[in-house]
Amino acid sequence: MTTHFEAPGYLAVSAEVQHALLNRQPVVALESTIISHGMPYPDNVATALKVEAEVRAHGAVPATIAIVDGTLTAGLLPAQIEALGKRGPEVVKVSRRDIPFVVAAGQTGATTVAATMVIAAMAGIRIFATGGIGGVHRGAEQSFDVSADLQELAQTSVAVVCAGAKSILDLRLTMEYLETHGVPVVGFQSDMLPAFFTRSSGVAVNYRLDTAVEMARVLHSKWSMGLQGGVVIANPIPAEFAMTEAIIDQAIEQALAEAAQQGIGGKDTTPFLLARVNALTGGNSLAANIALVLNNARLAASVAKALVALG
Ligand code: PSU
Ligand code: MN
């Protein structure tokens, strides 16, 4: 039903994930840039393992994705997650563009949303949970900085469950870009696109659906009729963990100003902004970040189960 790319000799799928896929059991892909660049060690490793446990507790098999010593890998072992998290931002951040270079050099790389989607699709995994996706950056009319995540959503048939995107981005332009490329943004029990730390960005989603079964029906019909491409499932952070907008906005403004001052650009922009926002908001944002990822893992497991049930 979903696009399968051939990658003999390049892709390794863990025994557990392979078994689940062959037996039509639900599988949820998880990314690894969130581990290496999204949170500090050791919280990053603890969170990655907790997210896997949450997927299992909700009836699906987790497949954390990365490039390990040059091999595209779906289903990291706990020791591999630990090693990746310990090296942190020193591990190369891999988007679609970077994949063949990291593979050819036999390196280890942490995959972004875009690269995780590529590898998930190769393995036959259709549902993916993360924290936030990349998007159109503020000032993109000058910088042209548009995350490759959006272009991947345009072409690769994987649904990404996220808490929207951080307002380090221009969320209105991000929605416009996705609309141009035919990528639906569906709010889970929400009329608004969430802004990661807060439940609403003030920008409306395209569709609202209130159950995992309804989400799965849309995915099933889209891909069954051959309409390729991704879907964004936007799941607001649980209210009790949502942060005060003014605090987040101030941290983001400062981080953006520092990035401009220091001439940060290209693939370094997002990790720089994430690290600065994390540092400026401290433990509160870390707790919120962990809570929303777990929340997305739960929803993704439910959607994966419902999708498998549809055949
Ligand atoms: N936004 C977050 N946390 C993250 C990322 C984005 O709130 O960890 C990571 C994801 O891996 C995403 C990537 O795919 O950053 C986007 O990077 P870029 O903007 O360079 O495409
Ligand atoms: Mn960019």
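When a ligand or atom number is given, it counts from 1 through the structure's own listing order. Only this structure's heavy atoms are used, side chains among them; waters, hydrogens and symmetry mates stay out.
- Counting heavy atoms under 4.0 Å from ligand 1, residue Asp149 touches it through the side chain alone.
- Here Leu299 contributes atom CG and Leu294 contributes atom CG; the two are 13.0 Å apart, rounded to the nearest 0.5 Å.
- Among all non-hydrogen protein atoms, the one lying nearest atom 11 (O) of ligand 1 is Glu31 OE1, 2.7 Å.
- For Gln262, the CD atom sits in a packed shell: over 12 heavy atoms of surrounding residues, nucleotides or ligands are nearer than 6.0 Å.
- The 12-atom threshold is exceeded at NZ of Lys222, counting heavy atoms of other residues, nucleotides or ligands nearer than 6.0 Å.
- Listed by number with element, the atoms of ligand 1 under 4.0 Å from a non-hydrogen atom of Ser147 are 18 (P), 19 (O), 21 (O).
- Within 6.0 Å of OH on Tyr41 lie more than 12 heavy atoms contributed by other residues, nucleotides or ligands.
- In His37, neither the side chain nor the backbone holds a heavy atom less than 4.0 Å from any atom of ligand 1.
- Around the Mn ion (ligand 2), the protein atoms of type N, O or S that sit closer than 2.8 Å are Asp145 OD1.
- Shown are Thr269, Thr270, Asp170; of these, the side chain to side chain donor-acceptor pair (under 3.5 Å) with His137 is made only by Thr270.
- For ligand 1, the atoms lying closer than 4.0 Å to a non-hydrogen atom of Gly132 are 1 (N), 6 (C).
- A 6.0 Å sphere centred on CD of Glu245 holds no more than 12 heavy atoms belonging to other residues, nucleotides or ligands.
- Listed by first then second residue, pairs satisfying ring pair (Phe, Tyr, Trp, His ring centres under 6.0 Å) with a partner in residues 165-196 read Tyr177-His181, not counting sequence neighbours.
- In the vicinity of Ile34, heavy-atom distances shorter than 4.0 Å reach the ligand 1 atoms 8 (O).
- With a heavy-atom cut-off of 4.0 Å, Thr270 touches ligand 1 through its side chain alone.
- Considering only non-hydrogen protein atoms, atom 9 (C) of ligand 1 sits nearest to Thr33 CG2, 4.1 Å.
- Between Glu31 and the options Thr130, Thr116, Thr64, Thr112, a side chain to side chain donor-acceptor pair (under 3.5 Å) holds for only Thr130.
- Per-residue contacts place Lys166 under 4.0 angstrom from the following atoms of ligand 1 (heavy atoms of the residue considered): 2 (C), 3 (N), 7 (O).
- Applying the salt bridge (Lys or Arg N to Asp or Glu O under 4.0 Å) rule to Glu253 yields the partners Arg138; only residues at least two apart in sequence or on another chain are considered.
- Crowding of Lys267 atom NZ: a count of heavy atoms from other residues, nucleotides or ligands under 6.0 Å exceeding 12.
- Within the set Lys93, His137, Lys267, the minimum heavy-atom distance to atom 17 (O) of ligand 1 is found for Lys93.
- For residues 274-288, every residue pair satisfying the salt bridge (Lys or Arg N to Asp or Glu O under 4.0 Å) rule, not counting sequence neighbours, is listed here: Glu258-Arg276.
- If you look at Leu274 next to ligand 1, the close heavy atoms, those under 4.0 Å, all belong to the side chain.
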